[in-house]
Amino acid sequence: MSDTIKFWIKAEHAKQAIERARASRKALMVFVEEKGFASKEFETALCGEKVKEALDLHYVGLRLLKGTSILEQFEQLVPVSCYPSLFSFYDGELLHEINYINEDDEQLAAKLTQHLVPKEQECISPSSEMTLQEKKAMLMARLEEKRKAKEEEKKAEQKLQEANRRAQGRELTNAKLAQQQKESQNIAAALAKEKKEAKEHQLRVREEIARDKAERLARKQAKESTPTNPPQPASLTPPMSDATKCRLNMRLSLDGSSYREEFGADEPLSAVRQYVAQNVLPSGEAFDLIQTLPRRKFTAADELQSLRELHLCPSNTLMIQIPMNSGSSYPISGAGVTDTLSSWVDWSTSTFNSFVSYVNSGNAEPQTSSTNSSTSASARNRITTLSDTSDRSDSNSKPMAYNGNSTNQQ
């Protein structure tokens, strides 16, 4: 086994192995191997006595390991179909390739030498003797042929790869188009479904609207056919008060004088008229009683009703209005009319004279006499904005003030 190992030259010394084979006129034996049990078994088959003798006599051994750069260069010249393999060369010519060994030692030795004896004899004969330059040129030509064949094979392989790539590209493009077409169909189907659903929804809405209109029309017709009682207007008359007293605030329309008096709730309105005739207008002038809110003018028919029935309780305000003509709601005596006209003429004359004297003097203040100078003792609740007779002494220091609501200011 050790002798066989010495026979093989390592890959890094491939150039020396080739030169030794040329110099010794021996064939070059190239052992292509890979790491594994098959390579070891192949090497063991080459350890026989006859095989060792044939190798030492006719060959120079070169050992190449799979995966090295030297083997890649070798594969460019000679394609390697399997590992391990034996290649024998003589003057650049491939003699034989052994991929497996099934012979015994003697048969394998004969197989390795059967091609070498004629070649060696041709090299020895003078007629076939070739110079070193011719052999080199012949070897280079063979190498060039091998290289060209390798290149053509490589080009063919590249063309095949390009054709496969284009075919795959076309398949991929077709697949994308099919996918896009399928997606477009799905989108179109979804849009059609949505449109159909929208149309159905619109039809349902229209049906509901029509049904609702029909129901409303039926209700309206049924309502029109059914007689209904007209609504009774709400009573605007306020409810009667439960108060037992009625407080009245009476205001005289001439000068704005105010009088307050309390009456029984069940007393008639004639009691109020009697109070005014005795305490407010004792001179017997005709007057009307008018409710302010809501405005209401009482007539002679109202005097028989109680203050409660007239809704004057528990408190209210009445205006005592002296009419300028005979259009009072109550009958008026002849003497009362004469006195009223006389007092009105006296008041007008006095007011005009006071105004003229004020204009002539420039500094004089108008003096106005009250038509009701004598006030009754029972008019204790009287409120007036005109100055009283008892305060006339201060008329030089304080001017007379008039109520804006008094009708005599107009």
Side-chain angles (χ1 to χ4, degrees), residues 246-263 269-298 312 315-333 335-359 364-410:
C246 179
R247 292 183 297 275
L248 293 179
N249 182 21
M250 292 167 286
R251 185 181 296 274
L252 186 62
S253 62
L254 289 176
D255 55 2
S257 301
S258 181
Y259 303 87
R260 293 189 180 89
E261 186 62 30
E262 187 176 273
F263 299 92
L269 183 62
S270 58
V272 180
R273 169 168 285 279
Q274 185 178 0
Y275 171 82
V276 173
Q278 294 177 358
N279 301 298
V280 180
L281 297 173
S283 59
E285 296 173 300
F287 61 91
D288 292 329
L289 295 177
I290 300 174
Q291 183 180 357
T292 56
L293 291 176
R295 185 171 180 81
R296 178 185 178 187
K297 185 176 181 180
F298 295 106
L312 297 177
S315 63
N316 215 311
T317 301
L318 297 179
M319 178 68 71
I320 305 172
Q321 183 176 10
I322 301 176
M324 295 301 179
N325 49 29
S326 59
S328 174
S329 300
Y330 302 91
I332 307 174
S333 63
V337 173
T338 303
D339 295 340
T340 301
L341 292 176
S342 177
S343 62
W344 184 80
V345 170
D346 294 340
W347 176 81
S348 300
T349 304
S350 176
T351 302
F352 178 75
N353 294 333
S354 300
F355 179 74
V356 170
S357 62
Y358 174 75
V359 172
E365 295 178 354
Q367 299 293 330
T368 304
S369 61
S370 175
T371 58
N372 189 18
S373 58
S374 60
T375 305
S376 175
S378 61
R380 57 188 178 277
N381 294 327
R382 180 183 178 191
I383 298 175
T384 180
T385 55
L386 298 175
S387 57
D388 294 334
T389 306
S390 60
D391 298 329
R392 292 297 175 91
S393 59
D394 298 331
S395 60
N396 295 329
S397 60
K398 293 183 181 180
M400 187 178 298
Y402 293 94
N403 189 344
N405 294 328
S406 177
T407 56
N408 61 8
Q409 293 296 317
Q410 301 177 0

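Each residue takes its place number in the sequence, starting with 1.
At a cut-off of 3.5 Å, with distance as the only test, no side-chain donor of N249 or S315 sits close to an acceptor on the other residue.
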Test log, rule side-chain contact (heavy atoms from CB on, under 4.5 Å), inputs L254 and Q321: CA-CA 7 Å; L254 289 176; Q321 183 176 10; over 6 Å; no
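Within the model, atoms CZ of F287 and CD1 of I320 stand 7.0 Å from one another, a figure rounded to the nearest 0.5 Å. Annotation: the span from M319 atom CE to D288 atom CG amounts to 12.0 Å, rounded to 0.5 Å. The structure places NZ of K297 at 6.0 Å from CD1 of I290, a figure rounded to the nearest 0.5 Å. Rounding to the nearest 0.5 Å places CG of L318 at 12.5 Å from CD of E261.
The shortest non-hydrogen separation linking A286 to P323 is O-CD, 3.5 Å. Listed here is the closest heavy atom pair of E285 and I322: OE1-CD1, 3.9 Å.
Looking only at side-chain heavy atoms (C-beta outward), L248 and V272 come within less than 4.5 Å of each other. Side-chain contact between F298 and L269 is present, with at least one heavy-atom pair separated by less than 4.5 Å.
R247 pairs by the salt bridge (charged side-chain N to carboxylate O under 4.0 Å, His left out) definition with nothing, not counting sequence neighbours. With sequence neighbours excluded, the residues satisfying side chain to side chain contact (heavy atoms under 4.5 Å, CB included) with Q274 are Q278.
Taking the six-membered ring wherever Trp is involved, the centroid distance between the rings of Y275 and Y259 does not fall below 6.0 Å.
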